[in-house]
J.: 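Okay, handing you the structure first.
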Amino acid sequence: MKPPKFAYHAPQSLTEALQTLAGVGDEAVLLAGGQSLLPLLNMRLASPAHVVDLGRVPGLDDIRVTNGHAEVGAMVTHRRMEVDPLIAHAVPLAQKAAGYVGFRAIRNRGTVGGSVAHADPAAEWPLVLLTLDGEIELTSANGSRTIRADDFFESVYSTAKRSDEVVTSVRFGTRFERNWGFWEFQRRTGDFATVAVAVACVVEGGSVTEARVGIAGAAEKPVRCTTAEQALLAGSTSAASEAAAAAQDAVDPYDDVHGSSSYRKRLVFAATKRAATQALGHHYGVLDHA
Amino acid sequence: MREVHVTVNGASAAAAIDPRMLLSDFLRDRLGLTGTHVGCEHGYCGSCTVLVDGASTRSCLTLAVQVDGKSVHTVESLAAHGAELHPIQQALKDCHGLQCGFCTPGLLMSVAELASNGSTCTRDEIREHLAGNTCRCTGYQHIVDAVEQVMRSLRSEAVDVS
């Protein structure tokens, strides 16, 4: 239960970090807050030859709200997402989800960028980014590229990030700030989600003009459910239930020790119904998110 | 080997360490601060919780090199050996909030963080905050009682954990 030996790099700038990765990237892992990496090292599930610590790299912990997006630096902690007033105002769904990440001590150190790069299929940030038309900025010694969340998350612990790249920031769409819902089932407080669902809508003149339904814990990566989104757009009085039924039909979850496939399908129904009810109810002033 | 300089419980400490050394092992084996307990070593049990720059931190999920230049507080900072107990420790004692004591150091540091701004919490909020500290003896009821007591007694003043 101790980390294996590795060569440790503590770059003082992003440029230095990227140069290091350009040299040893294939054999290196990036250390952000370490709350996913350290368990892997302690349990010897990962044995990287090089660890590149981003902890001393300046400029990766800004939060900016501009132009329809909230841009969050990769080293911003989960805890900061939970308490930052800019996030609470511009992306309240992200603020709500932040409180479900691990325990307080994990949230104090774990980072958004680290979670995104780790890509656990039941983690909150991949789900919230997918739901809010999110983007991930990747930077290498050759420059930066921005990739949509739909294209970034590929499978369990697997993303489009190359080994010479660093996740430098993520962007959440802010136009869903009024109509959103989030519901997550954890077996115990602080566990990974068994199932989590995020719903985001734009409501104009009493009609739902845009809808997003994201589901985590039902596949090897978070997924959007277009049939559930169509149910919300159709706008019947029982839209939340219809979306929930559509989501339950659409998913084909895995079995594991935390729940069978059929159990997860029923959780998807319950989670979608509750998150969608919040998203629509908020519009009608029925529910309070507090 | 890599040189680290850390302020631990107010005193500066420097050592040359292997970068793979966990903060928990650094505190226990290098500095002799064995109050920080090592339980699961993958971040679940909470026994190794310390404060890094005032924020609760799993010392088993933190490399010692990551806290270079930072300030760490361990359970030993709450009360000097033989001195009067810290109010949080006294409350746990009064309310029978510990039995075997293995989880207690980490629990105390989590409570220190919660109580550090002088606010009060509901029992549900206390339970939520302490979800990351596993105790197999008490059933938690008496721990929550103790935290309520300490928060009541310290309502108007911040708890000094330095």
Side-chain angles (χ1 to χ4, degrees), chain A residues 1-12 29-57 75 77-80 82-83 99-111 114 186-192 290, chain B residues 1-4 17-26 29 38-70 106-107 109-114 117 121 124-134 140:
Chain A
M1 298 301 284
K2 308 292 180 192
K5 281 187 187 293
F6 50 77
Y8 176 73
H9 306 264
Q12 305 289 318
V29 293
L30 288 161
L31 171 61
Q35 303 305 285
S36 300
L37 179 60
L38 265 290
L40 294 177
L41 292 176
N42 284 357
M43 292 190 274
R44 302 285 174 108
L45 295 171
S47 301
H50 299 268
V51 170
V52 181
D53 185 355
L54 296 174
R56 291 170 193 79
V57 174
M75 293 294 282
T77 62
H78 311 306
R79 176 62 182 165
R80 209 167 132 217
E82 205 181 349
V83 298
Y100 286 84
V101 180
F103 309 116
R104 172 67 179 272
I106 304 292
R107 295 197 292 276
N108 282 341
R109 288 201 68 78
T111 66
Q186 303 173 335
R187 189 76 183 274
R188 298 164 296 195
T189 302
D191 279 4
F192 272 100
Chain B
M1 301 299 262
R2 195 178 173 91
E3 188 83 12
V4 293
I17 55 168
D18 190 334
R20 67 176 173 147
M21 177 173 265
L22 299 172
L23 176 58
S24 47
D25 292 332
F26 177 71
D29 301 342
V38 172
C40 71
E41 282 196 321
H42 60 270
Y44 195 82
C45 79
S47 296
C48 70
T49 304
V50 299
L51 302 183
V52 174
D53 291 345
S56 67
T57 297
R58 296 285 200 250
S59 61
C60 79
L61 293 191
T62 307
L63 297 172
V65 289
Q66 288 180 279
V67 301
D68 187 20
K70 296 185 190 295
L107 182 89
M109 300 318 284
S110 290
V111 176
E113 176 183 55
L114 187 65
N117 64 5
C121 296
D124 280 349
E125 287 165 342
I126 293 167
R127 284 181 179 278
E128 174 119 14
H129 184 83
L130 297 180
N133 292 89
T134 301
Y140 302 101

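Heavy-atom basis, side chains included; hydrogens, waters and symmetry copies ignored. Chain letters run A, B, ... following the sequence lines, proteins first and then strands; every chain starts at 1.
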J.: Does any backbone or side-chain atom of A/Leu41 lie under 4.5 Å from a heavy atom of chain B? Answer side chain, backbone, both or neither.
T.: neither

J.: Side chain, backbone, both or neither: which part of B/Ser110 has a non-hydrogen atom closer than 4.5 Å to chain A?
T.: neither

J.: For a quick test of reading the model, state the closest non-hydrogen atom pair linking B/Ser56 to B/Thr49 and the distance between them.
T.: CB-CG2, 3.9 Å

J.: Heavy-atom distance under 4.5 Å to chain B: side chain of A/Met43, backbone, both or neither?
T.: side chain

J.: Quick one: closest heavy-atom pair of A/Phe6 and B/Pro19, and the distance?
T.: CZ-O, 3.8 Å

J.: State, to 0.1 Å, how close B/Tyr140 and B/Thr134 come at their nearest heavy-atom pair, and which atoms those are.
T.: OH-CA, 3.5 Å

J.: Can you tell which of A/Ala7, A/Gly55, A/Pro4, A/Ala10 has the highest number of heavy-atom pairs within less than 4.5 Å of chain B?
T.: A/Pro4

J.: Which heavy-atom pair separates B/Asp68 from B/Glu3 by the least distance, and what is that distance?
T.: OD2-O, 4.1 Å

J.: Which region of B/Leu61, side chain (C-beta onward) or backbone (N, CA, C, O), has a non-hydrogen atom less than 4.5 Å from a non-hydrogen atom of chain A, or is it both or neither?
T.: both

J.: What pairs with A/Phe192 under ring-ring contact (aromatic ring centres under 6.0 Å, His included), at least two apart in sequence or on another chain?
T.: none

J.: Can you say whether A/Arg107 sits under 4.5 Å from chain B via the side chain, the backbone, both, or neither, judging by heavy atoms?
T.: neither

J.: Of all of B/Thr62, B/Leu114, B/Asn133, B/Val38, which one pairs up most often with chain A through heavy atoms under 4.5 Å apart?
T.: B/Thr62

J.: Locate the shortest heavy-atom distance separating B/Ile126 from B/Cys121; write the atom from each residue and the value.
T.: CG1-CB, 3.8 Å

J.: Sort B/Asp18 into side chain, backbone, both or neither according to what part of it lies under 4.5 angstrom from a heavy atom of chain A.
T.: side chain

J.: Taking side chain as everything from C-beta outward and backbone as N, CA, C, O, which of these in B/Arg127 sits under 4.5 Å from a heavy atom of chain A? Side chain, backbone, both or neither.
T.: neither

J.: Name the member of A/Val51, A/Leu38, A/Leu37 that forms the most heavy-atom pairs with chain B at distances under 4.5 Å.
T.: A/Leu38

J.: Using the test ring-ring contact (aromatic ring centres under 6.0 Å, His included), find all partners of B/Tyr44 that sit at least two apart in sequence or belong to another chain.
T.: A/Phe103

J.: Which region of A/Arg56, side chain (C-beta onward) or backbone (N, CA, C, O), has a non-hydrogen atom less than 4.5 Å from a non-hydrogen atom of chain B, or is it both or neither?
T.: side chain

J.: Answer with side chain, backbone, both or neither: which region of B/Val52 has an atom nearer than 4.5 Å to a non-hydrogen atom of chain A?
T.: side chain

J.: Whether the side chain of A/Asn42 engages the backbone of B/Cys60 through a donor-acceptor N/O pair (distance < 3.5 Å, no angle test) should be reported.
T.: yes

J.: Which bit of A/Arg104 is near chain B, if near means a heavy-atom gap under 4.5 Å: side chain, backbone, both or neither?
T.: both

J.: Counting heavy-atom pairs under 4.5 Å with chain A, which one of B/His42, B/His129, B/Arg20 comes out on top?
T.: B/Arg20

J.: Are more than 12 heavy atoms from other residues, nucleotides or ligands located less than 6.0 Å from atom CD of B/Glu128?
T.: no

